Amino acid sequence: MNDDKRERTRELPVMEMQQEENKALQAQLATITQQLSIAQAIAVKEKTRSEELSNLVNRMQADFDNYRKRMNENNKKLKEDGICAVLEKLIPELDVLKQAIQTIPDEKVAEGVKMIYRQVLDILTVFGVEEIPALGEQFDPNLHNAVMQVSTSDKSKSGMVIEVFNKGYRLGDRILRHSIVKVAN
C-alpha cells in the first residue's frame, strides 16, 4: 500500500499541474473567445459602415450624373436661346432688304441687294429656319397674326389667309416670328 500511496503522491503534483495548465488554457480560450466576439462585432460594424459608404458613393455618383445631364440640357437650351435671339434680330432685316429691292431704281444696285437677301436666307436655312406657310392656308393663331379681316362671299375661303404682309419663320417647334396676314371672314 505504501507504494500505492507513494504513487498517488507523485501523481498528485502532476495532476495539479495539469489542472493549472487546464485552467490557464481555459482562461486563454475565454480571452480569445472574448477577443473574437469583439472582432466579429467590429467586423459587422465596419461592414455596415462600408455598405453605407458604398451607398453614399452610389447616390453621389447618381446625383452627379443627374447634375451633368441637367447642365448639358441647360447649356443646350442656352445655346438654342442665343441662336434664336440672333435669328429673331436678323429676320426683320430680310423685310428691310426686300423693301430696298423693290424701291431701288438702279438695277445693278438692286441686284447687289438681292444677293445680300439670298445670303441672309441661306444663313437662316443653314440654322434650320423654315418659312411658315401662310398664303392659302387655314388661319392658325399659333402660326399667324391676323391684322385684317375681309368679308368674302365664298364660304370655302372663310378663315383662310388671303394675303401675307410679313412672312413668319420658325426653328423646329419654336416660332421666331408669326406670319402677319389678312384673313377672309
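Remember, it's a predicted structure, so these values are computed and weren't measured experimentally. The basis for the numbers below is simple: all heavy atoms, side chains too, and nothing from hydrogens, waters or symmetry mates. Residues: numbered from 1 along the sequence shown.
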State the CD1-NZ distance between Ile38 and Lys45, to the nearest 0.5 angstrom. 12.5 Å
Rounding to 0.5 Å, atoms CD (Glu131) and CZ (Arg170) come to a distance of 10.5 Å
In terms of heavy-atom contacts, does CD of Glu46 have more than 12 from other residues, nucleotides or ligands at under 6.0 Å? yes
CD of Glu73 to NZ of Lys77, rounded to nearest 0.5 Å, is 11.5 Å
Applying side chain to side chain contact (heavy atoms under 4.5 Å, CB included) between Lys182 and each of Val161, Val147, Ile162, report the one that passes. Ile162
With a 4.0 Å cut-off on N to O distance, would you call Arg118 and Glu111 a salt bridge? yes
Hydrophobic cluster membership, with links at side-chain heavy-atom distances under 4.5 Å among I/L/V/M/F/W/Y: are Met71 and Phe64 in one? yes
Between His178 and Ala146, is there a donor-acceptor pair closer than 3.5 Å when you use the side chain of the first and the backbone of the second? no
Measure the CD-CG distance between Gln119 and Leu124 for me, rounded to the nearest 0.5 Å. 12.0 Å
Presence of salt bridge, Arg68 and Asp65, under 4.0 angstrom: yes
Is any NZ, NE, NH1 or NH2 atom of the basic residue among Asp81 and Arg174 found under 4.0 Å from an Asp or Glu carboxylate oxygen of the other? yes
How long is the straight-line distance from CD1 of Ile116 back to CD of Glu93, given to the nearest 0.5 Å? 11.5 Å
CG-CG distance between Asn145 and Asp140, expressed to the nearest 0.5 angstrom: 12.0 Å
State whether the side chain of Ser54 and the backbone N or O of Ser50 hold a donor-acceptor pair below 3.5 Å, judged by distance alone. no
Paired with Tyr169, the side chain to side chain contact (heavy atoms under 4.5 Å, CB included) test is passed by just one of Leu94, Leu87, Leu90, Ile132, namely Leu94
